[in-house]
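A quick note: this is a predicted structure, and the numbers were derived from the prediction, not measured. Letters A, B, ... are given to chains in the order of the sequence lines, protein chains preceding strands, and every chain is numbered from 1.
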2 protein chains.
Amino acid sequence: MPKDRTPTRIQQKNRAAILEAALNVFSAHGFRGSTVDQIAAEAGLSKPNLLYYFPSKEAIHTALLSGLLEVWLAPLHALNEDGDPMEEILSYIHRKLEMSRDLPRESRLFANELVQGAPRIHDALSSDLKKLVDEKTAVLTRWMDQGKIARVHPYHLIFSIWALTQHYADFDVQVRAILKDEDPFEGAGLFVETLYRKLLTP
Amino acid sequence: MPKDRTPTRIQQKNRAAILEAALNVFSAHGFRGSTVDQIAAEAGLSKPNLLYYFPSKEAIHTALLSGLLEVWLAPLHALNEDGDPMEEILSYIHRKLEMSRDLPRESRLFANELVQGAPRIHDALSSDLKKLVDEKTAVLTRWMDQGKIARVHPYHLIFSIWALTQHYADFDVQVRAILKDEDPFEGAGLFVETLYRKLLTP
DNA sequence: TCTTGATTTGACCAACTGGTCAAACTCACG
DNA sequence: CGTGAGTTTGACCAGTTGGTCAAATCAAGA
């Protein structure tokens with residue numbers, strides 16, 4: 001392991017390559033289903049070389065998850081109390097849907113982790129995530145109090161947005177097996193738009 | 001391996017115990033994350049004994065999946081064109097939600113498989129599942145044509161029902177991390193009821 | 001009771017996997 | 001250049017895992 005001073009150009013390049021490769025592999029096979037050799041091969045490095053940059057398979061996974069959690073929650077973070085309620089919510093939904101389309105690996109990385117009980121990010125869920133969600137449901141509740149949007153259970157509203165949008169990334173194979181050639185995201189965009197407009201219009 | 005004649009009482013008992021144990025283990029850790037030893041221990045058998053009843057780990061997994069697919073799709077199968085459209089759809093949704101509550105292991109078993117690209121049930125998806133869904137979306141479309149329910153993209157309507165209901169089983173940890181003590185399924189039932197009533201009322 | 005097929009298991013094996021290590025190589029910089 | 005830190009790797013290791021096998025045990029019908 002090199003000194004922890006300003007990382008070399010090589011260090012930056014290789015660390016990035018490793019994380020990129022790990023995202024591919026972990027998102028496709030889950031933690032247990034992925035091997036260090038696979039990740040190393042995908043990153044174009046030998047296994048010992050990969051382990052020169054990260055101390056363990058676990059460390060790569062953790063680095064990935066914690067690095068991406070912020071990205072993953074950014075759209076919800078951007079939900080702005082001062083904007084127009086319906087527009088804010090719809091734009092949040094569309095942003096999530098775009099993320100499912102453009103960052104499906106990230107979505108599946110989290111899905112893999114969650115479906116197996118989130119052994120490695122359980123803490124982040126009940127601290128960071130819960131805090132953010134509490135904050136934003138409070139905003140939703142105030143909008144409902146003001147009659148700006150229809151009153152529904154705010155937590156389940158958020159769950160439903162997550163479920164609906166991430167479904168297209170996480171269960172992509174199933175969606176495509178059924179839709180065949182049709183592009184899922186076109187129809188999905190229209191569908192969620194009408195769904196939430198009808199639900200939330202007071 | 002015993003003769004394939006009418007299975008012994010012992011055979012029935014042990015095969016059932018193995019599948020039950022495998023459901024526990026596979027749904028919690030995924031295929032690759034589960035070991036034959038784990039399943040054997042959970043079933044109260046030695047590993048060689050377990051492999052006396054199933055030729056391989058893969059075979060157990062396949063037997064589980066194909067055995068449960070029917071159960072899993074039963075509610076959609078039950079959607080009846082001759083019933084009242086809104087009631088039929090809502091009752092389908094509630095049945096799916098109950099399955100998430102009562103059969104979370106089954107839900108996670110499929111979720112694990114799907115999120116990793118469904119390597120073992122891809123065929124069943126594009127044949128059996130697609131056929132069933134095509135059939136039922138045709139029913140939905142006819143209802144829409146008759147003005148019985150609002151017109152929305154029928155495939156995405158079904159996807160949304162799957163996503164919403166299964167979310168509570170598959171991402172249980174996340175839901176509970178956020179809701180803390182509140183029972184997820186109580187709020188969820190009310191939420192989806194209003195959601196789909198508003199969406200589908202013409 | 002005896003016999004035969006069904007059931008069970010301890011011992012074992014080969015492949016795989018995460019991780020180590022010393023030696024070799026490369027690169028930036030004085 | 002030369003040199004020392006940074007980088008790379010072949011060889012290796014111990015633990016795990018899916019699966020095998022011959023031998024032992026059990027169960028039920030004749």
**Message:** Whole angstroms only, please: what is the CZ-C1' distance between F54(A) and dG18(C)?
**Reply:** 16 Å

**Message:** Just so I know, are the side chains of W72(B) and L109(B) near enough to count as touching, which here means a heavy-atom distance under 4.5 Å?
**Reply:** no

**Prompt:** Does any residue of residues 113-121 of chain A have a heavy atom under 4.0 Å from DNA chain D, and if so, which ones, in number order?
**Reply:** none

**Prompt:** side chain to side chain donor-acceptor pair (under 3.5 Å) with D84(B): which residues, sequence neighbours excluded?
**Reply:** none

**Asked** Checking side chain to side chain contact (heavy atoms under 4.5 Å, CB included) for the pair F110(A)/L65(A): CA distance, chi angles, key distance, verdict?
**Response** CA-CA 8 Å; F110(A) 287 113; L65(A) 282 175; 3.7 Å; yes

**Prompt:** What integer distance in Å separates H61(A):NE2 from dG18(C):P?
**Reply:** 13 Å

**Message:** Ignoring hydrogens and geometry beyond distance, is a side-chain donor-acceptor pair present between Y155(A) and D134(A) at under 3.5 Å?
**Reply:** yes

**For atom CG of L50(A) and atom P of dT7(D), their distance in whole Å** = 14 Å

**Prompt:** OP1 or OP2 of dA6(C) less than 4.0 angstrom from a side-chain nitrogen or oxygen of Y53(B), does that happen here?
**Reply:** no

**Request:** Take T35(B) and K57(B) through the side chain to side chain contact (heavy atoms under 4.5 Å, CB included) test and state the conclusion after the steps.
**Result:** CA-CA 8 Å; T35(B) 71; K57(B) 178 184 175 183; 5.9 Å; no

**Request:** Determine: side-chain N/O of Y52(B) to OP1/OP2 of dT8(C), distance under 4.0 Å, yes or no.
**Result:** no

Below 3.5 Å is the cut-off: list the nitrogen or oxygen pairs between protein and nucleotides 12-22 of chain D, distance only.
{"from": "dT17(D)", "atom 1": "OP1", "to": "R32(A)", "atom 2": "NH2", "distance (Å)": "2.6"}
{"from": "dG18(D)", "atom 1": "OP1", "to": "S34(B)", "atom 2": "O", "distance (Å)": "3.2"}
{"from": "dG18(D)", "atom 1": "OP1", "to": "K57(B)", "atom 2": "NZ", "distance (Å)": "2.9"}
{"from": "dG18(D)", "atom 1": "OP2", "to": "V36(B)", "atom 2": "N", "distance (Å)": "2.8"}
{"from": "dG18(D)", "atom 1": "N7", "to": "K47(B)", "atom 2": "NZ", "distance (Å)": "2.9"}
{"from": "dG19(D)", "atom 1": "OP2", "to": "K57(B)", "atom 2": "N", "distance (Å)": "2.8"}
{"from": "dG19(D)", "atom 1": "N7", "to": "K47(B)", "atom 2": "NZ", "distance (Å)": "3.4"}
{"from": "dG19(D)", "atom 1": "O6", "to": "K47(B)", "atom 2": "NZ", "distance (Å)": "3.1"}

**Item:** Set of side chain to side chain donor-acceptor pair (under 3.5 Å) partners for D145(B), sequence neighbours left out
**Value:** R151(B)

**Complete:** Residues passing the side-chain contact (heavy atoms from CB on, under 4.5 Å) test with L190(A), sequence neighbours excluded, are none

Compile the donor-acceptor pairs under 3.5 Å between side chains in residues 41-51 of chain B and protein atoms, sequence neighbours left out, one pair per line.
{"from": "E42(B)", "atom 1": "OE2", "to": "N24(B)", "atom 2": "ND2", "distance (Å)": "3.0"}
{"from": "S46(B)", "atom 1": "OG", "to": "N49(B)", "atom 2": "N", "distance (Å)": "3.3"}

**Complete:** With sequence neighbours left out, the residues meeting salt bridge (Lys or Arg N to Asp or Glu O under 4.0 Å) with E70(A) are none

**Between dG6(D) (C1') and Q12(A) (CD): distance, integer Å** = 15 Å

Could you go through nucleotides 26-28 of chain D and list every protein N or O atom that sits under 3.5 Å from one of its N or O atoms, giving the distance for each pair?
{"from": "dA28(D)", "atom 1": "OP1", "to": "R9(B)", "atom 2": "NH2", "distance (Å)": "2.6"}

**Request:** Using only heavy-atom distances, determine whether the side chains of S107(B) and Y168(B) contain a donor-acceptor pair under 3.5 Å.
**Result:** no

**Message:** Run E106(A) and R101(A) through salt bridge (charged side-chain N to carboxylate O under 4.0 Å, His left out) and show every step you take.
**Reply:** CA-CA 10 Å; E106(A) 286 78 351; R101(A) 188 192 55 202; over 6 Å; no

**Contacts of R15(B) that satisfy side-chain contact (heavy atoms from CB on, under 4.5 Å) - sequence neighbours left out** = Y53(B), F54(B)

Would you mind writing out the side-chain donor-acceptor pairs for residues 180-187 of chain B within the sub-3.5 Å range, not counting sequence neighbours?
{"from": "E182(B)", "atom 1": "OE2", "to": "H153(A)", "atom 2": "NE2", "distance (Å)": "2.8"}
{"from": "D183(B)", "atom 1": "OD1", "to": "F185(B)", "atom 2": "N", "distance (Å)": "3.4"}

**Request:** Hey, can you tell me if W162(B) and F159(B) have their rings parallel, tilted or perpendicular (30° and 60° cut-offs)?
**Result:** tilted

**Asked** Any side-chain N or O of N49(A) less than 4.0 Å from the OP1 or OP2 oxygen of dT7(D)?
**Response** no

**Asked** In residues 14-27 of chain A, which residues come under 4.0 Å of DNA chain C by heavy atom?
**Response** none

**Request:** Determine whether Y92(B) and K96(B) make a side-chain contact, defined as any pair of heavy atoms from C-beta on separated by less than 4.5 Å.
**Result:** yes

**Item:** Residue pair L140(B) / I158(B), side-chain heavy-atom distance below 4.5 Å
**Value:** yes

**Message:** Check this one for me: any side-chain N or O of Q11(B) less than 4.0 Å away from OP1 or OP2 of dT7(C)?
**Reply:** yes

**Item:** Degree of bending, the helix from dT1(C)-dA30(D) to dG30(C)-dC1(D) (end axes from five pairs; round to 10°)
**Value:** 0°

